[in-house]
There are 2 protein chains.
Amino acid sequence: MELLFFAYRDFTGRPDEILAEFGLGRAHHRVLYFVGRNPQINVNALLNILRITKQSLSRVLGRLVGQGYIIQHPGKKDRRQRLLELTEKGVNLEHRLFNNQQTRLARAYRLAGPSAVEGFWQVLTDIPDRPSSVKKPSEKQEES
Amino acid sequence: MELLFFAYRDFTGRPDEILAEFGLGRAHHRVLYFVGRNPQINVNALLNILRITKQSLSRVLGRLVGQGYIIQHPGKKDRRQRLLELTEKGVNLEHRLFNNQQTRLARAYRLAGPSAVEGFWQVLTDIPDRPSSVKKPSEKQEES
DNA sequence: AATTTATGTCAGCCATGTTGACATATATGC
DNA sequence: GCATATATGTCAACATGGCTGACATAAATT
């Protein structure tokens with residue numbers, strides 16, 4: 001139980017330091033991450049993943065767009081949508097953050113061994129609410 | 001990677017709702033949890049676990065003490081220390097929150113099976129920074 | 001007696017969540 | 001084609017829970 005807390009705490013620790021150099025926070029990290037993994041995602045889909053209000057997202061996203069980490073462009077099928085995508089600058093930063101966490105995970109994986117990793121995934125997948133918003137974009141936005 | 005985010009997000013979701021009924025937040029939950037699991041813990045040890053400043057803790061802890069969820073009393077060996085302990089009221093609330101999360105975990109465990117659970121623990125234990133502050137109070141506080 | 005340690009407190013700042021109200025552009029339904 | 005719904009944005013105000021800095025007190029330690 002508390003392991004989840006410690007894991008999360010230390011998992012975000014290093015990235016937080018890196019982000020601080022750029023005057024960004026954890027919230028910006030999450031946006032970078034999910035936009036990076038879901039190019040051309042629209043705002044609504046992103047809101048559903050993060051489960052925050054559009055006003056909260058707006059502040060964070062606006063900053064990322066303003067500083068050139070993310071670009072927006074209208075959807076082709078639905079021009080009301082603003083589809084989000086990392087710029088090269090955004091990709092770079094995201095990679096830097098990602099690598100850091102990956103290193104930590106890799107260490108844990110190495111220590112624990114492959115079968116443990118398998119179980120880890122298994123359980124972790126089952127913790128969130130039912131269908132989960134992970135890689136199930138089938139229901140929403142096939143944008144652009 | 002994102003699984004950790006989703007797991008954490010949904011893991012804290014229900015408890016957050018319950019806490020809101022009492023006008024408390026997630027920070028209070030963490031304190032209740034760790035005090036519950038480490039009766040007679042002193043303030044410094046708690047700060048080391050949470051990795052926050054004493055001013056932050058003070059606000060949260062002060063509230064919990066004020067509303068009778070936690071009691072403090074001076075350490076016997078070192079009377080400067082304030083040892084923390086849940087009251088019956090605190091135990092009740094903590095149980096309620098705990099059970100909720102346990103239910104969620106139990107579901108995941110059941111779905112994933114025992115060997116997966118084993119691996120889950122294995123990996124999760126290895127994610128945090130080295131010695132980890134879990135059950136390793138050997139270096140600090142042997143109070144009261 | 002001097003210093004260090006454990007704890008508390010005041011005051012203010014910042015990031016990031018919230019609600020509510022309202023605006024605009026586009027898509028959709030009748 | 002107009003009415004309405006949807007996708008998004010924006011303004012304003014507020015709450016929580018981090019943070020820093022400064023200072024206070026009691027008890028332990030040297």
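Numbered from 1 within each chain, the chains take letters A, B, ... in sequence-line order. Only this structure's heavy atoms are used, side chains among them; waters, hydrogens and symmetry mates stay out. Here the structure is a predicted model, which is why all the values come from computation and not from measurement.
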| field | Minimum-distance nucleotide (side-chain atoms of A/K54 versus D/dT10, C/dT26, C/dG8) | value |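 So the side chain of A/K54 is nearest to D/dT10.
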| Closest listed nucleotide, where the reference is the side chain of A/R82 and the choices are D/dG9, D/dG17, D/dA28 |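 Minimum distance to the A/R82 side chain belongs to D/dG9.
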Roughly how many Å is it from [atom1] in [X] to [atom2] in [N], rounded to a whole number?
X: B/R63; N: D/dG17; atom1: CZ; atom2: P; result: 8 Å
X: B/L57; N: D/dC19; atom1: CG; atom2: C1'; result: 14 Å
X: B/I52; N: D/dT16; atom1: CD1; atom2: C1'; result: 12 Å
X: A/H73; N: C/dA25; atom1: NE2; atom2: P; result: 21 Å
X: B/L50; N: D/dC19; atom1: CG; atom2: P; result: 10 Å
X: B/N48; N: C/dA6; atom1: CG; atom2: P; result: 10 Å
X: A/I70; N: D/dG9; atom1: CD1; atom2: P; result: 12 Å
X: A/L47; N: C/dT18; atom1: CG; atom2: C1'; result: 14 Å

| query | Judged by modelled atom types alone, do B/R59 and B/Q55 share a side-chain donor-acceptor pair under 3.5 Å? | reply |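 There is no such pair between these side chains.
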| Do the ring centers of A/F5 and B/Y33 come within less than 6.0 Å of each other? |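 Judged by ring-centre distance (under 6.0 Å), A/F5 and B/Y33 do not meet the cut-off.
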| Do the two ring centres, one from A/F34 and one from B/F6, sit under 6.0 Å apart? |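 They qualify: ring centres under 6.0 Å apart.
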At under 4.0 Å, does any side-chain N or O of [X] touch on OP1 or OP2 of [N]?
X: A/S58; N: D/dT10; result: yes
X: A/R30; N: C/dG17; result: yes
X: A/S56; N: C/dT18; result: yes
X: A/T53; N: C/dG17; result: no
X: A/N44; N: D/dT6; result: no
X: A/H28; N: C/dT16; result: yes

| For DNA chain C, whose closest nucleotide is more 5', that of B/L61 or that of A/R79? |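 Its nucleotide being nearer the 5' end, the pick is B/L61.
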| said: Let me spell it out: for each of A/R26 and A/Q55, pick the nucleotide of DNA chain C with the closest heavy atom. Which residue's pick is nearer the 5' end? | reply: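 Nearer the 5' end of the strand: A/R26.
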| query | Any donor-acceptor pair under 3.5 Å between the side chain of A/R80 and the base of D/dT6? | reply |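 Under the 3.5 Å cut-off, the side chain and the base do form a donor-acceptor pair.
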| task | Give a yes or no on whether a donor-acceptor pair under 3.5 Å exists between the nucleobase atoms of C/dG17, that is its base, and the side chain of A/R59. | result |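 In this structure, the two groups form a donor-acceptor pair.
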| field | Check: B/H29 and B/Q101 side chains under 4.5 Å, non-hydrogen atoms | value |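 In short, these two side chains touch, coming nearer than 4.5 Å.
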| Same cluster for B/I71 and B/L57 if Ile/Leu/Val/Met/Phe/Trp/Tyr side chains link at under 4.5 Å? |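 Per the 4.5 Å side-chain linkage, B/I71 and B/L57 are not co-clustered.
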